[in-house]
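What's counted below: heavy atoms across the whole structure, side chains too, no hydrogens, waters or symmetry copies.
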Amino acid sequence: MVTLGVRRWETLAGSVQGVGKRRNQDWFDCRGTGTGADPLLMAVADGHGSAVHARSALGARFAVDRFLALATDFGQAAHDCHEPGRLARLMTYARDDFPRALIHAWRQEALGHWDRNRPVVEEASREPGPEEKLVLYGTTLIGAVLSPWLFVAWQIGDGDLAVIEHDGTLLRPLAPAEEDLGDETESLCGREAWRSMRMHWAPLFEEARAPRLVVLSTDGLSKSFASGDGYTEFVLGLSGRLTEEGSAGIRASLPDWLSQASRYSGDDTTLTAAVRPTDPQQETPQETPDETPEETPEETPRGAATDARAVHGPAEGTDADMERNTET
């Protein structure tokens with residue numbers, strides 16, 4: 001039986017409306033502490049926002065809510081992932097079945113909302129088909145599950161997942177091979193959206209090799225920099241300041257950073273991050289998958305006004321050697 005000394009993760013998050021935007025089309029949520037019985041779940045979604053996607057703010061919220069519901073079940077299944085054959089079955093489910101289930105749940109939520117909130121039209125008007133209705137709710141999504149034994153993330157569309165490894169290496173494991181052109185991006189409203197979902201799979205065989213920092217953000221943050229290097233420096237600097245100053249000061253500064261980023265990108269800007277504490281005094285007693293958490297999960301408040309731009313810090317570390325698998 002695997003036994004780990006589990007440190008609960010800390011989270012910080014915020015979202016800000018883009019300059020000149022009528023409303024914030026982003027949505028986010030994070031819940032849980034990262035223990036075996038209470039995995040940490042994180043998600044951010046970016047509704048497309050154009051007139052064609054008139055209900056995309058709702059679509060983003062539906063995406064996050066449906067992801068968290070399915071991820072809760074997945075996180076509980078990961079509780080016993082060290083059992084013989086369990087990890088392989090979980091990976092197959094995460095790669096093949098989870099995306100299908102998520103897309104199906106999101107579609108049902110969006111179509112149900114349409115049925116309850118039909119627009120007033122002339123009696124002779126043609127009823128739009130299901131695909132046309134879903135376009136109204138179009139959104140991207142990034143979601144992650146963190147437990148003591150497993151780190152899994154999924155993404156469809158733009159936005160960024162950045163990971164600071166145990167040795168300080170920065171990874172962007174779900175970045176596409178080619179960046180989307182202009183404002184075009186994959187979407188949950190696509191006809192076969194599940195095929196476009198990318199997955200990052202990372203078993204954690206030792207607590208010491210767990211990531212230091214996991215950051216999920218909508219593209220309003222990365223677009224605020226002149227190049228990809230600017231975003232990389234931001235994440236590395238964020239990691240460094242969290243180590244030096246702790247999360248309390250960073251949480252207080254996050255709204256200003258996100259607001260500054262939004263002014264540069266002109267887009268809604270959302271970030272949620274999970275920090276693995278390094279202070280030994282924060283370490284909880286050892287637990288096995290059969291134990292229950294000592295405290296109930298805390299949910300990070302949603303909607304703190306935030307907008308960002310400049311945290312810079314030195315990169316550190318070497319190539320990570322943890323076994324990982326990123327799939328599309």
Side-chain angles (χ1 to χ4, degrees), residues 15-18 20-29 42-71 98-119 121 126-144 153-161 174-176 178-199 216-223 262 265-272 302-303 328:
S15 183
V16 66
Q17 183 172 314
K21 295 292 186 72
R22 295 180 60 185
R23 65 177 302 181
N24 191 340
Q25 302 286 333
D26 289 357
W27 196 261
F28 73 91
D29 204 349
M42 310 165 63
V44 298
D46 181 0
H48 301 325
S50 66
V52 177
H53 307 287
R55 300 185 180 185
S56 62
L58 287 168
R61 180 168 186 170
F62 297 158
V64 169
D65 290 348
R66 292 304 92 210
F67 174 84
L68 291 178
L70 287 169
F98 188 95
R100 290 176 182 269
L102 176 59
I103 299 302
H104 176 75
W106 179 82
R107 289 171 64 99
Q108 294 301 110
E109 188 83 9
L111 292 174
H113 181 270
W114 167 274
D115 288 340
R116 297 188 302 272
N117 299 272
R118 292 172 177 269
V121 295
R126 180 183 66 87
E127 170 80 4
E131 303 302 327
E132 295 175 274
K133 297 172 185 176
L134 290 170
V135 166
L136 292 169
Y137 298 87
T139 182
T140 67
L141 176 70
I142 309 173
W154 297 263
Q155 179 172 354
I156 183 169
D158 54 28
D160 298 274
L161 169 71
L174 293 179
E178 296 183 4
E179 296 294 334
D180 295 322
L181 296 176
D183 292 329
E184 294 183 3
T185 188
E186 299 289 350
S187 172
L188 285 176
C189 69
R191 287 184 177 272
E192 293 187 312
W194 63 271
R195 293 183 181 274
S196 301
M197 189 163 287
R198 310 186 293 277
M199 182 193 75
L216 281 62
S217 57
T218 58
D219 68 334
L221 179 57
S222 56
K223 287 194 308 185
S262 182
S265 69
D267 201 0
D268 304 328
T269 304
T270 299
L271 175 149
T272 181
R302 185 191 295 107
T328 58

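Contact check on Asp267 versus Lys21 returns a salt bridge, with a Lys/Arg side-chain nitrogen under 4.0 Å from an Asp/Glu carboxylate oxygen. Between Glu109 and Arg61 there is no salt bridge, since none of the side-chain N atoms of the basic residue sits less than 4.0 Å from a carboxylate O of the acidic one. The pair Glu186-Arg195 does not count as a salt bridge, with every side-chain nitrogen at least 4.0 angstrom from each carboxylate oxygen. Of the charged side-chain nitrogens involved, at least one lies within less than 4.0 Å of a carboxylate oxygen, so that Arg107 and Glu131 count as a salt-bridged pair.
Considering every non-hydrogen atom in both Gln155 and Leu161, the closest pair reads OE1-N, 4.4 Å. When all heavy atoms are compared, the tightest approach of Val64 to Phe28 is CG1-C, 4.1 Å. The minimum heavy-atom distance linking Trp27 with Asp65 is given by the pair NE1-OD1, 4.3 Å. The two residues Leu102 and Arg66 make their nearest non-hydrogen contact at CD1-C, 3.9 Å. Here the closest non-hydrogen pair linking Phe67 and Ala144 is CZ-N, 3.4 Å. Nearest heavy atom pair, residue Met197 against residue Leu188, reads CE-CD2, 4.3 Å.
Partners of Ser222 according to the side chain to side chain donor-acceptor pair (under 3.5 Å) rule, which considers only residues two or more places apart in sequence or in another chain, are Asp160. Taking Ala193 as the reference, Ile103, Ile156 meet the side-chain contact (heavy atoms from CB on, under 4.5 Å) condition, with sequence neighbours excluded.
Using bins of under 30°, 30° to 60° and over 60° for the plane-to-plane angle, the ring pair Trp154/Phe98 lands in the parallel bin.
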For residues 46-59, tabulate all N or O donor-acceptor pairs below 3.5 Å that involve a side-chain atom, not counting sequence neighbours.
residue: His48; atom: NE2; partner: Thr139; partner atom: N; Å: 3.3
residue: His48; atom: NE2; partner: Ser187; partner atom: OG; Å: 2.7
residue: His53; atom: ND1; partner: Val135; partner atom: O; Å: 2.6
residue: Arg55; atom: NH1; partner: Asn117; partner atom: O; Å: 3.3
residue: Arg55; atom: NH1; partner: Tyr137; partner atom: OH; Å: 2.7
residue: Arg55; atom: NH2; partner: Asn117; partner atom: O; Å: 2.7
residue: Ser56; atom: OG; partner: Gln25; partner atom: OE1; Å: 2.7
residue: Ser56; atom: OG; partner: His48; partner atom: N; Å: 3.4
residue: Ser56; atom: OG; partner: Gly49; partner atom: N; Å: 2.9
residue: Ser56; atom: OG; partner: His53; partner atom: O; Å: 3.1

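From Thr269, atom OG1 reaches atom CG of Asp26 across 7.0 Å, with rounding to the nearest 0.5 Å. How far SG of Cys189 is from CG of Leu136: 9.0 Å, rounded to the nearest 0.5 Å.
A distance-only check finds a donor-acceptor pair linking the side chain of Ser265 to the backbone of Gly220 [under 3.5 Å]. Listed for the Thr140 side chain is no donor-acceptor partner under 3.5 Å among the backbone atoms of Ala45. Listed for the Thr270 side chain is no donor-acceptor partner under 3.5 Å among the backbone atoms of Thr218. With hydrogens and angles ignored, the 3.5 Å screen pairs a side-chain donor or acceptor of Thr185 with a backbone N or O of Asp158.
Remark: Arg118 CZ is packed, more than 12 non-hydrogen atoms of other residues, nucleotides or ligands lying under 6.0 Å away.
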Determine, step by step, whether Glu127 and Glu132 satisfy the side-chain contact (heavy atoms from CB on, under 4.5 Å) criterion, reporting the C-alpha distance in whole Å, the side-chain angles of both residues, the deciding distance to 0.1 Å, and the verdict. CA-CA 10 Å; Glu127 170 80 4; Glu132 295 175 274; over 6 Å; no
With side-chain contact (heavy atoms from CB on, under 4.5 Å) as the criterion, how do His104 and Arg100 come out once you've worked through the C-alpha distance, each side chain's angles and the decisive distance to 0.1 Å? CA-CA 6 Å; His104 176 75; Arg100 290 176 182 269; over 6 Å; no
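Between Trp106 and Leu134, the closest side-chain pair of non-hydrogen atoms falls below 4.5 Å.
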